[in-house]
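These notes concern the structure reproduced below.
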Amino acid sequence: MDTTQELAAFLRARRERLDPDDFDLPSRRQARRTPGLRREEVAELAGVSTDYVVRLEQGRGLRPSADVVEALARALRLASGERAYLFNLARQRPRNADKLATTAAPSLARLVADLSPLPAMLMNHRYDILAWNGEMAGLLLDFDTLPPSQRNSMWLCLMHPKVRELYVDRERVVREGVAHLRAAWAAYPEDQALTDLIAEFIAHDEEFARLWAERDIKVNGRGHKVLRHPDIGVIAVDFEVLMPLQDPDQRLVIYRAADDDSQSALDRLCAHPRDRKP
(Lines give C-alpha, C1' and ligand atoms only; values in the text may rest on other atoms or scores of the structure.)
Protein backbone atom coordinates (compact mmCIF):
# COMPACT_ATOMS: atom_id res chain seq x y z
CA MET A 1 0.00 0.00 0.00
CA ASP A 2 1.19 3.51 -0.81
CA THR A 3 0.65 5.11 2.60
CA THR A 4 1.06 8.65 1.25
CA GLN A 5 -1.79 8.17 -1.23
CA GLU A 6 -3.92 6.35 1.34
CA LEU A 7 -3.37 9.20 3.81
CA ALA A 8 -4.52 11.65 1.16
CA ALA A 9 -7.59 9.60 0.28
CA PHE A 10 -8.49 9.02 3.93
CA LEU A 11 -8.31 12.73 4.76
CA ARG A 12 -10.51 13.59 1.77
CA ALA A 13 -13.06 10.89 2.60
CA ARG A 14 -13.36 11.93 6.23
CA ARG A 15 -13.56 15.62 5.37
CA GLU A 16 -16.32 15.01 2.81
CA ARG A 17 -18.50 13.00 5.17
CA LEU A 18 -18.76 15.78 7.77
CA ASP A 19 -21.89 17.94 8.02
CA PRO A 20 -21.00 21.67 8.08
CA ASP A 21 -24.07 22.33 10.21
CA ASP A 22 -22.43 20.39 13.04
CA PHE A 23 -19.65 22.97 13.27
CA ASP A 24 -19.64 26.56 14.47
CA LEU A 25 -18.19 27.92 11.26
CA PRO A 26 -18.47 31.46 9.86
CA SER A 27 -21.08 31.72 7.14
CA ARG A 28 -19.85 32.06 3.56
CA ARG A 29 -21.79 33.30 0.56
CA GLN A 30 -20.29 30.80 -1.83
CA ALA A 31 -22.50 27.75 -2.33
CA ARG A 32 -21.04 24.36 -1.52
CA ARG A 33 -20.44 22.27 -4.63
CA THR A 34 -19.34 19.11 -2.81
CA PRO A 35 -20.45 17.48 0.43
CA GLY A 36 -18.60 17.95 3.69
CA LEU A 37 -16.26 20.64 4.92
CA ARG A 38 -14.09 22.75 2.70
CA ARG A 39 -10.33 22.35 2.93
CA GLU A 40 -9.96 25.84 4.36
CA GLU A 41 -12.46 24.98 7.08
CA VAL A 42 -10.51 21.88 8.08
CA ALA A 43 -7.34 23.96 8.05
CA GLU A 44 -8.96 26.56 10.32
CA LEU A 45 -10.19 23.91 12.76
CA ALA A 46 -6.80 22.18 12.83
CA GLY A 47 -4.74 25.35 13.07
CA VAL A 48 -2.74 24.75 9.89
CA SER A 49 -2.62 26.49 6.52
CA THR A 50 -5.07 25.69 3.74
CA ASP A 51 -2.14 25.04 1.41
CA TYR A 52 -0.84 22.39 3.82
CA VAL A 53 -4.20 20.57 3.80
CA VAL A 54 -4.31 20.79 0.00
CA ARG A 55 -0.85 19.26 -0.31
CA LEU A 56 -1.71 16.48 2.14
CA GLU A 57 -4.87 15.62 0.21
CA GLN A 58 -2.92 15.60 -3.04
CA GLY A 59 -0.42 13.10 -1.65
CA ARG A 60 2.56 15.32 -2.27
CA GLY A 61 4.91 13.48 0.07
CA LEU A 62 4.41 15.46 3.27
CA ARG A 63 4.90 13.75 6.61
CA PRO A 64 2.86 15.63 9.22
CA SER A 65 4.15 15.77 12.78
CA ALA A 66 2.38 14.01 15.63
CA ASP A 67 0.94 17.37 16.76
CA VAL A 68 -0.49 18.06 13.30
CA VAL A 69 -1.93 14.56 13.03
CA GLU A 70 -3.62 15.02 16.41
CA ALA A 71 -5.01 18.39 15.33
CA LEU A 72 -6.38 16.90 12.10
CA ALA A 73 -7.94 14.00 14.03
CA ARG A 74 -9.74 16.47 16.29
CA ALA A 75 -10.82 18.66 13.40
CA LEU A 76 -12.23 15.67 11.51
CA ARG A 77 -13.81 14.25 14.69
CA LEU A 78 -12.22 10.85 14.18
CA ALA A 79 -13.22 7.92 16.35
CA SER A 80 -10.44 6.21 18.31
CA GLY A 81 -9.86 3.52 15.65
CA GLU A 82 -9.80 6.11 12.86
CA ARG A 83 -7.38 8.24 14.88
CA ALA A 84 -5.03 5.28 15.30
CA TYR A 85 -5.29 4.57 11.56
CA LEU A 86 -4.38 8.17 10.72
CA PHE A 87 -1.34 8.04 13.01
CA ASN A 88 -0.23 4.77 11.42
CA LEU A 89 -0.54 6.21 7.91
CA ALA A 90 1.49 9.26 8.96
CA ARG A 91 4.05 6.96 10.63
CA GLN A 92 3.73 8.82 13.87
CA ARG A 93 3.05 7.66 17.41
CA PRO A 94 0.05 9.17 19.19
CA ARG A 95 0.54 10.87 22.49
CA ASN A 96 -0.91 8.84 25.31
CA ALA A 97 -0.98 11.32 28.19
CA ASP A 98 -4.71 12.02 27.85
CA LYS A 99 -5.62 8.32 27.65
CA LEU A 100 -4.02 7.04 30.85
CA ALA A 101 -6.17 4.79 32.99
CA THR A 102 -6.35 5.52 36.73
CA THR A 103 -9.59 3.62 37.36
CA ALA A 104 -10.89 0.36 35.98
CA ALA A 105 -13.30 0.49 33.04
CA PRO A 106 -16.59 -0.81 34.53
CA SER A 107 -16.97 -3.60 31.97
CA LEU A 108 -13.42 -4.78 32.64
CA ALA A 109 -13.95 -4.70 36.40
CA ARG A 110 -16.97 -6.96 35.92
CA LEU A 111 -14.92 -9.25 33.70
CA VAL A 112 -12.27 -9.58 36.41
CA ALA A 113 -14.98 -10.72 38.83
CA ASP A 114 -16.54 -13.06 36.26
CA LEU A 115 -13.19 -14.81 35.66
CA SER A 116 -13.44 -16.39 39.12
CA PRO A 117 -12.24 -18.96 40.13
CA LEU A 118 -9.20 -17.98 38.06
CA PRO A 119 -7.15 -15.34 39.91
CA ALA A 120 -7.35 -12.14 37.86
CA MET A 121 -6.56 -8.46 38.18
CA LEU A 122 -6.52 -5.33 36.05
CA MET A 123 -3.49 -3.04 35.88
CA ASN A 124 -2.35 -0.05 33.86
CA HIS A 125 1.07 0.47 32.26
CA ARG A 126 2.51 1.72 35.57
CA TYR A 127 1.59 -1.56 37.30
CA ASP A 128 -1.13 0.25 39.28
CA ILE A 129 -3.69 -2.37 40.35
CA LEU A 130 -7.13 -1.10 39.33
CA ALA A 131 -9.36 -4.12 40.04
CA TRP A 132 -8.99 -7.68 41.31
CA ASN A 133 -11.06 -10.65 42.28
CA GLY A 134 -11.11 -12.57 45.54
CA GLU A 135 -8.90 -15.33 44.23
CA MET A 136 -6.13 -12.92 43.28
CA ALA A 137 -6.40 -11.17 46.65
CA GLY A 138 -6.16 -14.53 48.39
CA LEU A 139 -3.17 -15.58 46.34
CA LEU A 140 -1.15 -12.36 46.55
CA LEU A 141 -2.46 -9.85 49.10
CA ASP A 142 -5.68 -8.29 50.35
CA PHE A 143 -5.29 -5.12 48.26
CA ASP A 144 -8.26 -3.52 49.99
CA THR A 145 -6.13 -3.13 53.14
CA LEU A 146 -3.71 -0.87 51.26
CA PRO A 147 -4.02 2.83 50.47
CA PRO A 148 -4.47 3.42 46.71
CA SER A 149 -0.95 4.83 46.41
CA GLN A 150 0.47 1.43 47.41
CA ARG A 151 -1.70 -0.65 45.07
CA ASN A 152 1.12 -1.00 42.58
CA SER A 153 2.61 -4.42 41.93
CA MET A 154 6.15 -3.07 41.48
CA TRP A 155 5.94 -1.06 44.71
CA LEU A 156 4.63 -4.12 46.54
CA CYS A 157 7.38 -6.36 45.20
CA LEU A 158 10.04 -3.87 46.29
CA MET A 159 8.60 -2.44 49.51
CA HIS A 160 5.97 -4.71 51.06
CA PRO A 161 7.47 -7.29 53.49
CA LYS A 162 4.94 -10.02 52.70
CA VAL A 163 5.16 -9.64 48.92
CA ARG A 164 8.96 -9.44 49.03
CA GLU A 165 8.94 -13.01 50.39
CA LEU A 166 6.17 -14.28 48.10
CA TYR A 167 8.11 -15.04 44.91
CA VAL A 168 10.52 -17.98 44.91
CA ASP A 169 12.50 -16.42 42.03
CA ARG A 170 12.12 -12.85 43.23
CA GLU A 171 15.22 -11.52 41.43
CA ARG A 172 13.82 -12.55 38.03
CA VAL A 173 10.39 -11.09 38.85
CA VAL A 174 11.92 -7.76 39.85
CA ARG A 175 14.25 -7.71 36.83
CA GLU A 176 11.35 -8.31 34.44
CA GLY A 177 9.25 -5.68 36.22
CA VAL A 178 12.01 -3.08 35.87
CA ALA A 179 12.42 -3.94 32.18
CA HIS A 180 8.65 -3.49 31.69
CA LEU A 181 8.67 -0.10 33.43
CA ARG A 182 11.53 1.11 31.22
CA ALA A 183 9.52 0.15 28.12
CA ALA A 184 6.44 1.91 29.55
CA TRP A 185 8.53 5.00 30.37
CA ALA A 186 9.57 5.27 26.72
CA ALA A 187 6.00 4.70 25.49
CA TYR A 188 4.50 7.31 27.87
CA PRO A 189 7.15 10.05 28.13
CA GLU A 190 4.57 12.64 29.25
CA ASP A 191 3.33 10.56 32.17
CA GLN A 192 4.76 12.52 35.09
CA ALA A 193 3.30 10.11 37.65
CA LEU A 194 5.26 7.25 36.07
CA THR A 195 8.46 9.33 36.02
CA ASP A 196 7.96 10.23 39.69
CA LEU A 197 7.33 6.57 40.59
CA ILE A 198 10.53 5.47 38.89
CA ALA A 199 12.47 8.25 40.62
CA GLU A 200 11.09 7.07 43.97
CA PHE A 201 12.19 3.50 43.29
CA ILE A 202 15.68 4.60 42.22
CA ALA A 203 16.09 6.74 45.34
CA HIS A 204 14.84 4.18 47.87
CA ASP A 205 15.73 0.75 46.47
CA GLU A 206 19.29 -0.17 45.54
CA GLU A 207 18.19 -3.28 43.62
CA PHE A 208 15.84 -1.28 41.42
CA ALA A 209 18.47 1.42 40.83
CA ARG A 210 21.03 -1.20 39.78
CA LEU A 211 18.64 -2.96 37.40
CA TRP A 212 17.35 0.31 35.97
CA ALA A 213 20.90 1.30 35.03
CA GLU A 214 21.26 -1.89 32.99
CA ARG A 215 18.60 -0.64 30.55
CA ASP A 216 17.00 -4.02 29.89
CA ILE A 217 13.72 -3.93 27.93
CA LYS A 218 11.17 -6.71 28.20
CA VAL A 219 7.38 -6.82 28.03
CA ASN A 220 5.91 -10.17 28.98
CA GLY A 221 2.56 -11.13 27.53
CA ARG A 222 2.73 -14.51 29.24
CA GLY A 223 5.03 -16.28 31.64
CA HIS A 224 5.54 -18.49 34.66
CA LYS A 225 5.91 -17.71 38.37
CA VAL A 226 6.44 -19.80 41.48
CA LEU A 227 4.98 -18.44 44.70
CA ARG A 228 5.55 -19.41 48.32
CA HIS A 229 2.11 -18.90 49.87
CA PRO A 230 1.92 -18.84 53.72
CA ASP A 231 -1.25 -20.99 53.81
CA ILE A 232 -1.06 -23.37 50.84
CA GLY A 233 2.69 -23.69 50.31
CA VAL A 234 4.56 -23.51 47.01
CA ILE A 235 2.34 -22.96 43.98
CA ALA A 236 3.35 -22.57 40.32
CA VAL A 237 1.22 -20.45 38.02
CA ASP A 238 1.23 -19.54 34.34
CA PHE A 239 -0.03 -16.06 33.51
CA GLU A 240 -1.45 -14.29 30.48
CA VAL A 241 -1.59 -10.52 29.99
CA LEU A 242 -4.33 -9.28 27.66
CA MET A 243 -4.75 -5.70 26.38
CA PRO A 244 -8.35 -4.69 25.56
CA LEU A 245 -8.69 -2.88 22.24
CA GLN A 246 -11.15 -0.39 23.71
CA ASP A 247 -8.92 0.40 26.71
CA PRO A 248 -5.33 -0.17 25.55
CA ASP A 249 -3.81 1.35 28.70
CA GLN A 250 -5.37 -1.40 30.82
CA ARG A 251 -3.96 -4.90 31.13
CA LEU A 252 -5.94 -7.94 32.20
CA VAL A 253 -3.71 -10.39 34.09
CA ILE A 254 -4.97 -13.97 34.53
CA TYR A 255 -3.27 -16.71 36.53
CA ARG A 256 -3.73 -20.45 35.98
CA ALA A 257 -2.24 -23.35 37.88
CA ALA A 258 0.82 -24.74 36.10
CA ASP A 259 0.51 -28.32 37.38
CA ASP A 260 -1.83 -30.67 39.25
CA ASP A 261 -0.40 -29.97 42.70
CA SER A 262 -0.73 -26.23 42.13
CA GLN A 263 -4.30 -26.70 40.92
CA SER A 264 -5.16 -28.57 44.12
CA ALA A 265 -3.61 -25.76 46.16
CA LEU A 266 -5.57 -23.15 44.21
CA ASP A 267 -8.77 -25.11 44.74
CA ARG A 268 -8.20 -25.05 48.51
CA LEU A 269 -7.49 -21.34 48.40
CA CYS A 270 -10.53 -20.58 46.22
CA ALA A 271 -12.85 -22.38 48.63
CA HIS A 272 -12.77 -19.21 50.75
CA PRO A 273 -11.99 -16.31 48.37
CA ARG A 274 -11.83 -12.78 49.61
CA ASP A 275 -14.30 -10.26 48.29
CA ARG A 276 -13.13 -8.32 45.26
CA LYS A 277 -13.20 -4.55 45.51
CA PRO A 278 -12.10 -2.29 42.67
Side-chain angles (χ1 to χ4, degrees), residues 1-102 105 124-126 180-198 215 217-219 221 242-251:
M1 178 177 67
D2 186 334
T3 54
T4 299
Q5 294 304 316
E6 176 59 19
L7 174 64
F10 183 69
L11 290 174
R12 289 195 304 271
R14 290 304 177 265
R15 174 176 60 80
E16 291 171 356
R17 76 174 184 175
L18 295 173
D19 186 346
D21 292 337
D22 293 337
F23 295 80
D24 185 19
L25 297 168
S27 58
R28 290 180 170 87
R29 295 182 180 180
Q30 184 180 2
R32 295 180 184 273
R33 295 177 294 177
T34 57
L37 297 184
R38 297 185 174 102
R39 291 188 180 94
E40 59 266 29
E41 292 169 336
V42 171
E44 181 179 346
L45 291 168
V48 298
S49 70
T50 301
D51 179 64
Y52 192 83
V53 173
V54 169
R55 286 185 290 159
L56 279 176
E57 288 195 1
Q58 291 178 347
R60 290 162 60 181
L62 297 180
R63 184 183 177 189
S65 67
D67 288 338
V68 170
V69 175
E70 186 63 55
L72 289 169
R74 287 196 303 267
L76 296 171
R77 298 187 177 180
L78 299 184
S80 59
E82 295 171 325
R83 174 179 174 271
Y85 186 65
L86 183 64
F87 269 93
N88 285 335
L89 291 176
R91 299 180 182 178
Q92 295 287 358
R93 187 173 66 180
R95 296 189 177 188
N96 296 305
D98 296 334
K99 305 291 183 180
L100 305 183
T102 56
N124 61 13
H125 66 280
R126 301 178 195 136
H180 166 90
L181 280 183
R182 180 169 281 282
W185 179 63
Y188 297 85
E190 292 126 351
D191 183 0
Q192 188 59 46
L194 175 59
T195 299
D196 293 343
L197 184 68
I198 292 169
R215 287 179 166 77
I217 306 295
K218 187 172 185 179
V219 179
L242 309 178
M243 294 177 61
L245 287 174
Q246 196 71 21
D247 300 282
D249 186 45
Q250 303 192 30
R251 285 116 170 97

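Distance alone, capped at 3.5 Å, is enough to place a donor-acceptor pair between the Arg12 side chain and the Glu57 backbone. Proximity of a side-chain donor or acceptor of Gln5 to a complementary backbone N or O of Gly59 within less than 3.5 Å is detected. His125 places no side-chain N or O within donor-acceptor distance of the main-chain N or O of Trp185, the cut-off being under 3.5 Å.
Atoms CG and CG, from Leu86 and Leu7 in turn, are 6.0 Å apart once rounded to the nearest 0.5 Å. The structure places CZ of Arg251 at 7.5 Å from CG of Asn124, a figure rounded to the nearest 0.5 Å. The line from CE of Met243 to CG of Asp249 is 7.5 Å long, rounded to the nearest 0.5 Å. With rounding to the nearest 0.5 Å, the separation of CD in Glu6 from CG in Asn88 is 11.5 Å. With rounding to the nearest 0.5 Å, the separation of OG1 in Thr50 from CZ in Arg39 is 10.0 Å.
Take Leu18 and apply the side-chain contact (heavy atoms from CB on, under 4.5 Å) test, not counting sequence neighbours, and it matches Phe23, Leu37, Leu76. Checked against side-chain hydrogen bond (donor to acceptor under 3.5 Å, both in side chains), Gln92 has no partners two or more places apart in sequence or in another chain. Residues satisfying the side-chain hydrogen bond (donor to acceptor under 3.5 Å, both in side chains) test with Asp51, not counting sequence neighbours, are Arg55. Under the side-chain hydrogen bond (donor to acceptor under 3.5 Å, both in side chains) criterion, Arg74 pairs with no residue, sequence neighbours left out. Remark: Gln192 engages Thr195, Asp196 in a side-chain contact (heavy atoms from CB on, under 4.5 Å) (not counting sequence neighbours). With sequence neighbours excluded, the residues satisfying side-chain hydrogen bond (donor to acceptor under 3.5 Å, both in side chains) with Arg14 are Glu82. Considering only residues two or more places apart in sequence or on other chains, Ala46 meets the side-chain contact (heavy atoms from CB on, under 4.5 Å) condition with Val48, Ala71, Leu72, Ala75. Listed by chain and residue number, nothing satisfies the salt bridge (charged side-chain N to carboxylate O under 4.0 Å, His left out) test with Arg182 (two or more places apart in sequence, or in another chain). By the side-chain contact (heavy atoms from CB on, under 4.5 Å) test, Asp21 pairs with Asp19, sequence neighbours left out.
Listed here is the closest heavy atom pair of Gly36 and Pro20: O-CG, 3.5 Å. Across all non-hydrogen atoms, the minimal contact from Val68 to Pro64 is CG1-CB, 3.8 Å.
Applying the ring pair (Phe, Tyr, Trp, His ring centres under 6.0 Å) definition to pairs two or more places apart or across chains, those involving residues 58-91 are Phe10-Tyr85. Listed by first then second residue, pairs satisfying salt bridge (charged side-chain N to carboxylate O under 4.0 Å, His left out) with a partner in residues 58-69 read Asp67-Arg95, not counting sequence neighbours.
Other residues, nucleotides and ligands place no more than 12 heavy atoms under 6.0 Å from the CG atom of Leu245. Remark: Arg91 CZ is loosely packed, at most 12 non-hydrogen atoms of other residues, nucleotides or ligands lying under 6.0 Å away.
Between Arg83 and Glu70 there is a side-chain heavy-atom pair separated by less than 4.5 Å.
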